[in-house]
Amino acid sequence: MLKGFVVVRFENVTKIYESSVALKDATIHIGKGDFVFLVGPSGAGKSTFIRLISKEIDPDSGDIFVANKKITHLSNREIPILRRSIGMVFQDFKLLPHKTVFENVAFAMEV
C-alpha cells in the first residue's frame, strides 16, 4: 500500500524501440513534494520516461498514473488536459532572451 499522494507512478512499464529496450519492467513512485532529478548516460531512457509521462508515446506494457489517474489509455481529447496539469523543466530551457526569469515563467503560464 502506498503512503501519501503519489504524483507519478509507473507499474511494470516497458518501452521497446526497434532495436533497443528503453525501459524494461520499470516501477517507480514519485510522491507529492518529492524533488526528482532524472540523470543517466545517453540512451538510458530519460527522454522516454518524460515522453511517457506527457503521453507523447505509449508504453508497450505496464501502467502509468499521473495524480492517481491512469493515463495509459487516455483519449486524444484528454491528452491536452493532462499536459496542462504537468510542469517540467527541460535541459534546453527555450527561454526568451529578452524576458526576465519571472516574465518567462509568467509567459508560459499565460500560454
Side-chain angles (χ1 to χ4, degrees):
M1 183 173 185
L2 302 173
K3 292 184 179 184
F5 186 75
V6 178
V7 179
V8 175
R9 187 172 100 216
F10 278 39
E11 295 293 338
N12 305 325
V13 174
T14 296
K15 180 63 183 175
I16 301 172
Y17 294 105
E18 290 178 19
S19 60
S20 64
V21 177
L23 294 174
K24 183 177 180 185
D25 203 27
T27 297
I28 185 169
H29 301 152
I30 301 173
K32 182 178 180 181
D34 289 350
F35 199 78
V36 178
F37 292 91
L38 192 57
V39 297
S42 179
K46 302 179 300 292
S47 294
T48 297
F49 183 83
I50 297 298
R51 293 176 70 206
L52 286 164
I53 292 172
S54 64
K55 194 74 170 117
E56 289 180 50
I57 59 173
D58 292 316
D60 293 312
S61 64
D63 290 311
I64 301 170
F65 299 82
V66 174
N68 290 333
K69 178 177 171 106
K70 187 174 180 180
I71 68 163
T72 313
H73 302 291
L74 285 181
S75 70
N76 288 339
R77 185 176 53 90
E78 295 173 295
I79 293 172
I81 297 165
L82 166 72
R83 291 182 183 158
R84 284 194 294 267
S85 72
I86 299 172
M88 293 186 191
V89 178
F90 294 93
Q91 187 173 357
D92 58 342
F93 299 98
K94 302 288 188 217
L95 296 176
L96 302 171
H98 63 282
K99 293 188 179 287
T100 66
V101 172
F102 178 83
E103 290 168 334
N104 270 279
V105 172
F107 180 73
M109 296 303 290
E110 288 175 31
V111 172

Identify whether [X] and [Y] are in the same connected component of the hydrophobic contact network (ILVMFWY, side-chain heavy atoms under 4.5 Å).
{"X": "F65", "Y": "I50", "answer": "no"}
{"X": "V39", "Y": "F35", "answer": "yes"}
{"X": "I16", "Y": "L23", "answer": "no"}

So, do [X] and [Y] sit near enough that their side-chain heavy atoms are less than 4.5 Å apart?
{"X": "T48", "Y": "I57", "result": "yes"}
{"X": "K69", "Y": "L74", "result": "yes"}
{"X": "V8", "Y": "V36", "result": "no"}
{"X": "R83", "Y": "E56", "result": "yes"}
{"X": "N12", "Y": "D25", "result": "yes"}

Practice task
Could you please spell out the steps behind the side chain to side chain contact (heavy atoms under 4.5 Å, CB included) verdict for I64 and V13?
Solution key: CA-CA 7 Å; I64 301 170; V13 174; 3.8 Å; yes
Okay, side chain of [X], backbone of [Y]: is any donor-acceptor separation there less than 3.5 Å?
{"X": "D63", "Y": "E11", "result": "no"}
{"X": "K32", "Y": "V7", "result": "no"}
{"X": "K55", "Y": "S75", "result": "no"}

Handout entry: Non-hydrogen atoms of P59 and T72 that approach each other most closely
Key =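 Nearest heavy atoms, P59 then T72: CG-CG2, 4.0 Å.
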Practice task
Decide yes or no on side chain to side chain contact (heavy atoms under 4.5 Å, CB included) for I53 and F10, but give the supporting numbers first.
Solution key: CA-CA 9 Å; I53 292 172; F10 278 39; 3.8 Å; yes
Practice task
Show the numbers, then the answer: is there a side chain to side chain contact (heavy atoms under 4.5 Å, CB included) between K70 and R9?
Solution key: CA-CA 9 Å; K70 187 174 180 180; R9 187 172 100 216; over 6 Å; no
Handout entry: Which residues share a ring-ring contact (aromatic ring centres under 6.0 Å, His included) with F102, sequence neighbours left out
Key =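 Applying ring-ring contact (aromatic ring centres under 6.0 Å, His included) to F102 gives none.
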Exercise for the section: Can you measure from CG (D34) to CD1 (I28) and round to the nearest 0.5 angstrom? Expected result: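 D34 atom CG to I28 atom CD1 measures 9.0 Å (nearest 0.5 Å).
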Practice task
Could you tell me the separation between the OG atom of S54 and the CG atom of L82, rounded to the nearest 0.5 Å?
Solution key: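 Between atom OG of S54 and atom CG of L82 there are 7.5 Å.
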Handout entry: Shared-cluster residues of I81, by chain and number - hydrophobic side chains joined below 4.5 Å
Key = none
Exercise for the section: Might you confirm whether atom NZ of K24 has over 12 heavy atoms from other residues, nucleotides or ligands at distances under 6.0 Å? Expected result: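 No, not enclosed.
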